[in-house]
Engineer: 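Next up is a structure, given as structure tokens.
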Amino acid sequence: MLWKELERIDPEIASAAKKELARQRDGLELIPSENFTYRAVLEAASTVFTNKYAEGYPGKRYYGGCEFVDVVESLAIERAKKLFGAEHVNVQPNSGSHANMEAYMALTDWLKKGDKILGMNIFHGGHLTHGHSVSFSGKLMKASSYGVSKDDFHLDYDEIRKIAEREKPTIIVSGASAYPWEIDFKAFREIADAVGAFHVADIAHIAGLVATKNHKDSVPYTDITTTTTHKTLRGPRGAIILSKKEHSEAVDKAVFPGCQGGPLEHIIAAKAVCFKIAMTGEFSQYQRQIVKNAKALASSLIENGIEPVGGGTENHLMLIDVTKIGLTGSQAEKLLGEVNITVNKNVIPYDQRKPFDPSGIRIGTPAITARGMGESEMKHIGSLISRLLKDPANTQAKIHVKNEVLEVSREFPLYEGI
Ligand code: DSN
């Protein structure tokens with residue numbers, strides 16, 4: 001058993017960690033932004049690099065004793081450049097939100113000049129940092145948004161171009177947190193060029209798919225691409241910035257000393273491990289399976305009478321309008337939670353309800369695919385979800401579904417030996 005010393009010093013934290021491990025093992029994790037990272041990544045994240053201050057960059061630090069963090073950070077940078085085909089990479093951002101702030105600062109004069117941002121409407125699948133009014137992005141910049149078409153719930157690039165021509169943004173952000181279709185980053189580049197804007201892609205959700213060519217690439221078509229490292233990429237919690245060479249100095253200055261202090265070198269070590277794994281054939285196969293599983297899960301839901309918004313998925317996630325079966329998003333999230341299936345409530349495009357109790361749930365396959373599950377398990381899981389959501393008052397059915405969830409979870413063990 002790991003965590004022996006933790007147990008001795010702080011049994012309350014050790015107990016919570018053990019319960020969390022049991023929760024992850026005994027359930028189906030369907031939140032599309034979550035994943036189960038590799039054991040080697042967990043080990044790297046708990047190394048003594050956590051003790052080290054290393055403000056600056058490899059070879060140019062403000063502290064002594066940085067010879068080994070330099071090895072780690074240089075490897076992380078070189079591996080990420082190779083993995084994504086990027087001209088420049090900064091591996092220090094602590095989160096996706098930090099990375100986006102740093103990217104916008106790098107491309108503008110630190111957001112001082114009334115810059116404008118055009119991003120995807122959060123209610124159609126965008127992210128807070130793409131210009132929402134409660135985030136720095138909407139507070140420090142004049143924000144406008146684009147959404148999906150009411151007909152097919154896909155991005156309408158002609159419409160986005162019209163909005164861009166009208167708004168004349170400094171930065172156009174592509175990328176989403178709840179969009180089940182492929183994004184055409186080249187089309188965004190053409191729109192950005194037509195209006196003289198920078199193009200930033202936030203590929204946090206689909207980074208693993210992009211890195212393995214299971215989704216259209218963003219890097220050749222962006223000034224800056226940002227991504228977290230813990231979603232489909234399956235690394236530690238954190239982020240990176242990939243940029244064109246011409247922005248490298250501005251990006252590095254925006255990250256440190258602009259927005260952050262000492263980099264989390266233990267997490268950077270874990271990012272380096274993740275990038276190494278992400279260049280293997282096994283990782284490509286895993287990413288292919290994420291998409292196959294998402295399509296299989298969508299088909300199973302449809303067969304069982306629950307249609308995903310827009311009819312399916314092309315990536316790792318889908319949205320379900322649960323009001324069609326008489327539930328709200330919160331009710332569905334809670335019901336599924338009671339049988340150890342974790343999803344998150346989510347607004348759906350053109351939602352009439354409020355974000356805290358929206359019409360939908362968002363479900364995805366990165367984590368269950370990481371456990372080794374395939375299309376036959378997806379068929380089964382789709383039928384279990386439908387059975388529960390369509391008959392929520394049936395106590396017998398709920399007990400049955402929970403037992404099935406426990407059984408399938410235990411067939412695919414997680415973190416054995418911890
Ligand atoms: N919170 C992430 C997600 O769940 O999609 C986005 O930052």
Side-chain angles (χ1 to χ4, degrees), residues 24 27-37 93-104 117 119-138 143 145 147-148 155 173-183 200-210 215 218 224-242 259 267 271 290-291 294 308-309 313-320 329-330 332-333 336-337 341-349 351 355-358 360-370:
Q24 292 185 14
L28 296 174
E29 182 51 74
L30 295 182
I31 294 176
S33 49
E34 294 189 13
N35 211 332
F36 300 120
T37 194
N94 295 327
S95 73
S97 294
H98 282 107
N100 286 348
M101 177 182 243
E102 290 152 358
Y104 305 156
I117 185 168
M120 190 169 183
N121 184 338
I122 197 165
F123 298 104
H124 288 212
H127 189 258
L128 285 168
T129 57
H130 298 179
H132 193 276
S133 60
V134 299
S135 133
F136 74 89
S137 56
S145 65
V148 296
L155 291 170
V173 189
S174 58
S177 287
Y179 183 68
W181 314 110
E182 191 155 31
I183 297 172
V200 175
D202 174 349
I203 61 165
H205 265 260
I206 53 171
L209 305 180
V210 169
H215 187 289
S218 66
I224 295 183
T225 290
T226 64
T227 180
T228 51
T229 43
H230 50 270
K231 298 189 176 92
T232 45
L233 205 50
R234 208 176 156 185
R237 190 155 295 274
I240 56 172
I241 299 176
L242 315 155
C259 295
I267 298 300
K271 288 174 185 171
I290 289 175
V291 179
V309 174
T313 177
E314 289 172 345
N315 57 23
H316 62 301
L317 67 78
M318 67 209 79
L319 292 165
I320 311 285
S330 297
E333 179 189 290
L336 289 165
I341 297 178
T342 318
V343 303
N344 72 289
K345 58 178 175 271
N346 216 95
V347 286
I348 55 166
D351 209 330
F356 208 69
D357 192 10
I361 54 173
R362 184 182 67 150
I363 63 184
T365 53
I368 47 175
T369 308

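Start at 1 and go down the list; that is how both ligands and their atoms are numbered.
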Engineer: Answer with yes or no whether the side chains of Ser218 and Thr225 bring together a donor and an acceptor at under 3.5 Å.
Structural biologist: yes
Engineer: Is the shortest distance from a heavy atom of Arg362 to ligand 1 less than 4.0 Å?
Structural biologist: yes
Engineer: Give the atom numbers and elements of ligand 1 that come within less than 4.0 Å of a heavy atom of Ser33.
Structural biologist: 3 (C), 4 (O), 5 (O)
Engineer: Would you tell me whether Ser137 and Ser135 have side-chain atoms, one donor and one acceptor, within less than 3.5 Å of each other?
Structural biologist: yes
Engineer: So which heavy atom on Asn94 is nearest to which on His98, and how close?
Structural biologist: CB-ND1, 3.7 Å
Engineer: Indicate, as side chain, backbone, both or neither, the part of His230 found under 4.0 angstrom from ligand 1 when only non-hydrogen atoms are considered.
Structural biologist: neither
Engineer: Would you mind checking which non-hydrogen protein atom is closest to atom 7 (O) of ligand 1, with the distance to 0.1 Å?
Structural biologist: His127 NE2, 2.8 Å
Engineer: Regarding His130 and Asp202, is there a side-chain donor-to-acceptor distance under 3.5 Å anywhere?
Structural biologist: yes
Engineer: Which ligand 1 atoms, with their elements, are less than 4.0 angstrom from a heavy-atom of Ser177?
Structural biologist: 5 (O), 6 (C)
Engineer: Does atom 1 (N) of ligand 1 have a protein heavy-atom neighbour under 4.0 Å away?
Structural biologist: no
Engineer: Quick check: do Pro349 and Leu319 have side-chain heavy atoms less than 4.5 Å from each other?
Structural biologist: yes
Engineer: Taking the side chain as every heavy atom from C-beta outward, state whether Ile31 and Arg362 have any atom pair closer than 4.5 Å.
Structural biologist: yes
Engineer: Considering heavy atoms of the protein only, find what lies nearest to atom 5 (O) of ligand 1 and give residue, atom and distance to 0.1 Å.
Structural biologist: His205 NE2, 2.7 Å
